[in-house]
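Single-structure report; data block below.
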Amino acid sequence: MSSVDEPTYGFLRNNALSLAFGGLFLATLAGQAVSGTAQFNDQQVANGLEPIGLAGYVTSSSFMVDVMENWQSEYLQFFLYIFATVWLVQKGSSESKEPGQEGTETDREQVVGRHANADSPTWARTGGWRTTLFSRSLGLLMGGLFLLTWAASAVTGWVAFNGEQLGQRQDPVGFAGYLTEADFWNRSFQNWQSEMLAVGSMAIFAVYLRQRGSPESKPVGVAHADTGQTG
Amino acid sequence: MRGAAALLAGAAVALLTGCAGAAEDDVRAVTTAFEDPAGDPADRCAMLAPATRAALESDESAPCADAIDQLPLDGGEVTAVEVWGGDAQVRIGDDVVFLTETGAGWKVTAAACEPRGEAPYDCELEGP
């Protein structure tokens, strides 16, 4: 609900969370590029080969597969969490709805169709396929990004794997062959397991622990059994 | 749509493998010259990666130009070229040759190689 008395802030303050994490993302990606180049070159020297420069490393399949394998697991995590929290609850968790509210809820509760407000997004008001699609757009985008980045992880992983095979005087494999290689599945599972652990532990820790002022937590004084409150 | 996806995937692989077409020509040319038994030994030695050359001279206790003629490098027709990033493999005659990309072009890292199934090739000439 917007109010005419709502104070207005500048662009930076209104977007501080997105901008801060966007900046942290770029800084940490640069850190990965620099440390990855050093690690790659340690291996090159150990194998009696020439070191490569930063530009050579960031355009290599070795760097790209390391980036893509992490991105795909993050998008898988959000995709699964967004859809799972529609149907599964955790009593007492700020990450969950109240038990009994499982499912996609009514149009009135979701403020769509004829229950939409004047300032509701257009596609929430129009009904039909547009509202159906918009109602699932966040999860679908995460799912789509997961599939894209997982496919990119497979292609870049294949190229990197074949480079390593040749470096070890072994034959390269075809793309279908790579999809059955332990390298591909180990890269996928080692990232997936950490995402599932992070999500599962956040859901249950948020029942008993608080972070004062964070919307990821319940207000400090709210009971452990109280579900779905944020503060 | 599927054609576009295939085109994109192909472009991605070409980019990642370093524009394979030009690299394949270079790799093929280096391998053919290196394997030519009639080639100048000094020129053939210059086509070796430094660590591979050092390993050959150490193993044979002789300068590369003298040792290289003792290796079973018979040349022949190139039947397959694989380039993946900065690594390459060429099948030439009965031999399999491995190369790496350096600032001075493609250099041979291993040659006179016999397959051993899933295990790495057994190469008479190879670096560390």
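Here is the naming used below: chain letters follow the sequence lines, and residue numbers restart at 1 for every chain.
One finds the CD atom of A:Gln44 at 11.0 Å from the OG1 atom of B:Thr102 (value rounded to the nearest 0.5 Å). We find the CD-CD1 distance between B:Glu101 and A:Ile52 to be 10.0 Å, quoted to the nearest 0.5 Å. With rounding to the nearest 0.5 Å, the separation of OG1 in B:Thr109 from CG in A:Leu49 is 7.0 Å.
Residue A:Gln101 places its CD atom among more than 12 non-hydrogen atoms of other residues, nucleotides or ligands, all under 6.0 Å distant. Residue A:Trp71 qualifies as open at atom CH2: its count of foreign heavy atoms under 6.0 Å is 12 or below. Counting heavy-atom neighbours within 6.0 Å of A:Glu102 CD, excluding the residue itself, gives a total above 12. The 12-atom threshold is not exceeded at CG of B:Asp94, counting heavy atoms of other residues, nucleotides or ligands nearer than 6.0 Å. Residue-environment remark: CZ (A:Phe175) exceeds the threshold of 12 foreign heavy atoms within 6.0 Å. Counted within 6.0 Å of CD on A:Gln39, heavy atoms from surrounding residues, nucleotides or ligands total 12 or fewer; the atom is thus considered open. The number of heavy-atom neighbours closer than 6.0 Å to CZ of A:Phe78, taken from other residues, nucleotides and ligands shown, is 12 or below. The environment of A:Tyr178 atom OH is dense: over 12 non-hydrogen atoms of other residues, nucleotides or ligands sit within 6.0 angstrom.
Contact count versus chain B (heavy atoms, under 4.5 Å) is highest, among A:Gln168, A:Glu50, A:Glu164, A:Gln165, for A:Glu50.
Interface residue A:Gln170: backbone and side-chain heavy atoms are both found under 4.5 Å from chain B. For a residue to count as touching a neighbouring chain, one of its non-hydrogen atoms must lie under 4.5 Å from one of that chain's; by this rule A:Asn162 touches chain B with backbone and side chain alike. Interface remark: B:Pro50 contributes no atoms to any contact with chain A (heavy atom separation under 4.5 Å). B:Ala55 does not touch chain A: none of its heavy atoms, backbone or side chain, sits under 4.5 Å away. Heavy atoms closer than 4.5 Å to chain A are found nowhere in B:Ala54, neither backbone nor side chain. Heavy atoms of B:Arg53 lying under 4.5 Å from chain A are absent altogether.
The minimum heavy-atom distance between B:Pro128 and A:Asn47, with the atom names listed, is CG-O, 3.6 Å. Among all heavy-atom pairs drawn from A:Pro172 and B:Trp84, the shortest one is CB-NE1, 3.7 Å. Contact record, A:Asp171 with B:Tyr121: OD1-OH, 2.6 Å, taken as the closest heavy-atom pair.
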